Amino acid sequence: MQYTAKTNDFFQNVFDVVRLIPKGRVTSYGAIAKYLGTGGSSRMVGWAMNASHHVKPKVPAHRVVNRNGMLTGKAHFETPTKMQELLAKEKIKVKNETVLDFEKLFWDPVIELGL
DNA sequence: GCATTGACGAAGG
DNA sequence: CCCTTCGCCAATG
């Protein structure tokens with residue numbers, strides 16, 4: 001799989017922001033996209049995460065969920081339960097594939113890191 | 001090069 | 001919170 005110069009740069013930015021997410025906090029694909037200035041391309045953030053598996057250092061992709069706090073990407077982990085396990089280790093409660101207190105745990109890079 | 005797909009988002013129901 | 005429709009854009013067939 002080869003990435004174009006465009007996506008390669010985009011991917012790196014996504015990985016970088018995701019690694020900055022504090023332990024025990026979560027964010028959304030859209031928030032990351034907005035922070036990177038590609039607001040409408042939230043799908044591309046998800047695509048970037050898809051490539052985060054073989055990336056080093058490891059990207060805490062489990063801290064990235066959709067706008068509803070739902071673990072939509074759990075199926076793409078090593079095992080369908082891996083994502084919830086990692087979240088549980090960070091004291092993040094997950095119920096019915098959705099992060100509880102999502103609004104309280106939400107970490108917006110635009111707000112936390114500034115524009 | 002067109003059609004389909006997708007770890008999304010907003011709005012309306 | 002779930003469902004549908006539409007917009008979004010790179011990758012893939």
Side-chain angles (χ1 to χ4, degrees):
Chain A
M1 157 102 54
Q2 298 129 345
Y3 309 122
T4 62
K6 242 200 266 183
T7 57
N8 188 19
D9 188 57
F10 181 73
F11 282 21
Q12 299 309 318
N13 279 312
V14 173
F15 300 153
D16 190 54
V17 175
V18 175
R19 290 193 196 101
L20 293 175
I21 301 173
K23 192 168 187 176
R25 302 292 297 282
V26 293
T27 191
S28 68
Y29 304 92
I32 295 172
K34 190 167 188 177
Y35 178 71
L36 296 179
T38 57
S41 304
S42 46
R43 303 182 98 124
M44 298 301 95
V45 177
W47 190 257
M49 301 315 295
N50 204 1
S52 69
H53 290 283
H54 58 81
V55 174
K56 287 154 285 189
K58 290 185 179 180
V59 178
H62 57 281
R63 295 180 188 148
V64 185
V65 296
N66 73 354
R67 70 169 176 98
N68 216 356
M70 194 173 184
L71 281 56
T72 50
K74 58 176 255 168
H76 295 267
F77 279 73
E78 305 170 44
T79 68
T81 58
K82 188 72 176 179
M83 189 172 190
Q84 185 169 332
E85 286 177 28
L86 291 170
L87 289 171
K89 287 181 181 178
E90 303 185 3
K91 314 303 183 210
I92 297 177
K93 299 166 191 167
V94 177
K95 190 69 176 180
N96 195 15
E97 303 187 6
T98 302
V99 175
L100 296 181
D101 298 321
F102 174 64
E103 294 183 24
K104 286 203 290 187
L105 298 175
F106 184 64
W107 182 86
D108 189 343
V110 178
I111 295 174
E112 306 294 337
L113 303 178
L115 282 169

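Being a predicted model, the structure only gives us computed values, none of them experimental. Every chain is numbered from 1, with letters handed out A, B, ... down the list of sequences. Values below: every heavy atom of this structure, side chains too, minus hydrogens, waters and symmetry copies.
Atom P of nucleotide dC1(C) and atom CD of E97(A) are separated by 13 Å, given to the nearest angstrom. Whole-Å rounding puts the W47(A) CH2 to dT4(B) C1' distance at 12 Å. Rounding to whole angstrom units, CG of residue L36(A) and P of dC9(C) are separated by 15 Å.
Applying the salt bridge (Lys or Arg N to Asp or Glu O under 4.0 Å) test to every pair with at least one member in residues 98-115 of chain A, sequence neighbours left out, gives no pairs at all. Identified under the salt bridge (Lys or Arg N to Asp or Glu O under 4.0 Å) test for residues 37-59 of chain A, with sequence neighbours left out: none. Counting only residues at least two apart or on different chains, the salt bridge (Lys or Arg N to Asp or Glu O under 4.0 Å) pairs with a member in residues 67-80 of chain A are K74(A)-E97(A). Sorted by first then second residue, the ring pair (Phe, Tyr, Trp, His ring centres under 6.0 Å) pairs that include residues 78-103 of chain A, not counting sequence neighbours, are F102(A)-F106(A).
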For a quick test of your reading: what N or O donor-acceptor pairs under 3.5 Å do the side chains of residues 82-96 of chain A make, sequence neighbours left out?
| residue | atom | partner | partner atom | Å |
| --- | --- | --- | --- | --- |
| E85(A) | OE2 | T81(A) | OG1 | 3.2 |
| E90(A) | OE1 | G24(A) | N | 3.1 |
| E90(A) | OE1 | R63(A) | NE | 2.9 |
| E90(A) | OE2 | H62(A) | NE2 | 3.0 |
| E90(A) | OE2 | R63(A) | NE | 3.1 |
| E90(A) | OE2 | R63(A) | NH2 | 2.8 |

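In this structure, S41(A) contributes its side chain and M44(A) its backbone to no donor-acceptor pair below 3.5 Å. Listed for the T38(A) side chain is a donor-acceptor partner under 3.5 Å among the backbone atoms of A33(A).
For the segment residues 99-106 of chain A, no residue has any heavy atom less than 4.0 angstrom from an atom of DNA chain B. Contacts between residues 23-32 of chain A and DNA chain B, defined by a heavy-atom separation under 4.0 Å, are made by S28(A), Y29(A), G30(A). Listed in residue order, the members of residues 57-92 of chain A having a heavy atom less than 4.0 Å from DNA chain C are N68(A).
Atoms OH and CG, from Y35(A) and L113(A) in turn, are 4.5 Å apart once rounded to the nearest 0.5 Å.
A search for side-chain hydrogen bond (donor to acceptor under 3.5 Å, both in side chains) contacts involving K34(A) returns nothing, not counting sequence neighbours. In this structure H76(A) satisfies the side chain to side chain contact (heavy atoms under 4.5 Å, CB included) test together with N50(A), H53(A), sequence neighbours excluded. For T98(A), there are no side-chain hydrogen bond (donor to acceptor under 3.5 Å, both in side chains) partners two or more places apart in sequence or in a different chain.
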**OP:** Any chance you could lay out the side chain to side chain contact (heavy atoms under 4.5 Å, CB included) test for V64(A) and I32(A), step after step, and finish with the verdict?
**Re:** CA-CA 9 Å; V64(A) 185; I32(A) 295 172; 4.1 Å; yes
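Cluster annotation: L20(A) is not connected to I111(A) through the hydrophobic network of ILVMFWY side chains, with a link wherever side-chain heavy atoms come within less than 4.5 Å.
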Atom pairs under 3.5 Å, N or O on each side, protein against nucleotides 5-8 of chain C: can you list them with distances?
| residue | atom | partner | partner atom | Å |
| --- | --- | --- | --- | --- |
| dG7(C) | O6 | R43(A) | NH1 | 2.9 |
| dG7(C) | N1 | R43(A) | NH1 | 3.3 |
| dC8(C) | N3 | R43(A) | NH1 | 3.2 |

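Counting non-hydrogen atoms under 4.0 angstrom, T38(A) reaches nothing in the nucleic acid.
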